[in-house]
Novice: 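The structure's right below; bear with me while I get my questions together.
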Amino acid sequence: MPAATFSYAQIYRCVSRIPPGRVATYGQVAKLAGIPNGARSVGYALSALDDGSLVPWHRVVNAAGEISPRSSSDAMENTQRIRLEREGVVFDAHGRIPLAMFRWNGE
DNA sequence: CCACTGACGAGTG
DNA sequence: GCACTCGCCAGTG
């Protein structure tokens, strides 16, 4: 586990704030976490998570509304999609989410 | 300190 | 819509 001397907790907290059936982009979470241009850092922070995490990391997608491809194990991508669909999030034929409807406003 | 890598974003052609 | 480039921040060797 990395030193994480920085606001990982902020990122996790913001992600946890995302209501069910809603999604947020990396940039959005980053901004809310206090890192305006730290989209990459958000992704890294989420990558440090695992199944045992209480953080709904599956509600975080990229700016295109797609599930970001991770290093390996494409099976996890499927898991993320299943979890989202189970919460009511719909994927179009392109495999992405209509952010116009499901994007979290950050209330 | 430097170089490389990584769940990204925005801009350009 | 796709491919490429640059910029962002953090972690690791």
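Here is how names work: the chains are called A, B, and so on, in the same order as the sequence lines, proteins then strands, and each is numbered from 1.
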Novice: Mind listing the residues from residues 54-66 of chain A sitting with a heavy atom below 4.0 Å of DNA chain B? Number order is fine.
Specialist: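 Those residues whose heavy atoms fall under 4.0 Å from DNA chain B, taken from residues 54-66 of chain A in numerical order, are Trp57(A), Asn62(A), Ala63(A).
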
Novice: Heavy atoms only, 4.0 Å cut-off, all strands: where does Pro69(A) land among base, sugar-phosphate and nothing?
Specialist: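 Pro69(A): backbone/sugar contact only, no base atoms under 4.0 Å.
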
Novice: Below 4.5 Å, heavy atoms only, C-beta onward: do Leu32(A) and Ile11(A) meet side chain to side chain?
Specialist: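 Sidechains of Ile11(A) and Leu32(A): no contact.
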
Novice: Whole Å only: how far is the CD1 atom of Ile11(A) from the P atom of dC9(C)?
Specialist: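 In whole Å, dC9(C) P lies 13 Å from Ile11(A) CD1.
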
Novice: Do Arg13(A) and Gln10(A) pair up side chain to side chain, a donor and an acceptor below 3.5 Å, judged on atom types alone?
Specialist: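 Per modelled atom types, Arg13(A) and Gln10(A) side chains form a pair under 3.5 Å.
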
Novice: Is the shortest distance from a Lys or Arg side-chain nitrogen in Arg59(A) or Glu87(A) to a carboxylate oxygen in the other one below 4.0 Å?
Specialist: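 So Arg59(A) pairs with Glu87(A) through a salt bridge.
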
Novice: Is the charged tip of Arg96(A) near the ring of Phe91(A): under 6.0 Å from the six-membered ring centre and within 45° of its axis?
Specialist: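 That pair does not qualify as a cation-pi contact.
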
Novice: Given the rule that I, L, V, M, F, W and Y join up when any side-chain heavy atoms are under 4.5 Å apart, are Val23(A) and Met101(A) in one cluster?
Specialist: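 Linked within one cluster.
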
Novice: Provide, to the nearest angstrom, the distance between the CD1 atom belonging to Ile67(A) and the C1' atom belonging to dC8(B).
Specialist: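 From Ile67(A) CD1 to dC8(B) C1': 16 Å.
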
Novice: Within this structure, what is the CG-to-P distance between Leu46(A) and dG9(B), rounded to whole angstrom?
Specialist: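 Between P of dG9(B) and CG of Leu46(A): 11 Å.
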
Novice: So which heavy atom on Arg22(A) is nearest to which on Asn105(A), and how close?
Specialist: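 Where Arg22(A) meets Asn105(A) most closely, the heavy atoms are NH1-OD1, 3.3 Å.
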
Novice: Find the distance Ile35(A):CD1 to dA10(C):P and express it as a whole number of Å.
Specialist: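 The answer, rounded to whole Å, is 6 Å.
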
Novice: Specify the separation, in whole Å, of atom CG of Leu49(A) and atom C1' of dG11(C).
Specialist: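 Roughly 15 Å, once rounded to whole Å.
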
Novice: Between dC8(B), dG6(B), dG9(B), which one does the side chain of Tyr44(A) approach most closely?
Specialist: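 Selected nucleotide (nearest to the side chain): dG6(B).
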
Novice: Can Tyr8(A) be reached from Val15(A) by stepping across I, L, V, M, F, W or Y side chains whose heavy atoms are under 4.5 Å apart?
Specialist: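 The answer is yes; both residues are in one hydrophobic cluster.
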
Novice: Between atom OH in Tyr26(A) and atom P in dA10(B), what is the gap in whole Å?
Specialist: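 In whole Å, dA10(B) P and Tyr26(A) OH are 14 Å from each other.
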
Novice: Within this structure, what is the OH-to-P distance between Tyr8(A) and dG6(B), rounded to whole angstrom?
Specialist: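 Atom OH in Tyr8(A) sits about 15 Å away from atom P in dG6(B).
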
Novice: Which heavy atom of Gly88(A) sits nearest to which heavy atom of Phe102(A), and what is that distance?
Specialist: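 Answer, listing the atom of Gly88(A) first, then Phe102(A): O-CE2, 3.7 Å.
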
Novice: Please name the pair of heavy atoms, one in Glu77(A) and one in Ile67(A), separated by the smallest distance, quoted to 0.1 Å.
Specialist: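 Heavy-atom minimum between the residues: O-CD1, 3.6 Å.
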
Novice: Which atom pairs link the protein and nucleotides 1-8 of chain C when you take only N or O atoms and keep those under 3.5 Å?
Specialist:
from   : atom 1 : to       : atom 2 : distance (Å)
dG7(C) : O6     : Arg40(A) : NH1    : 3.4

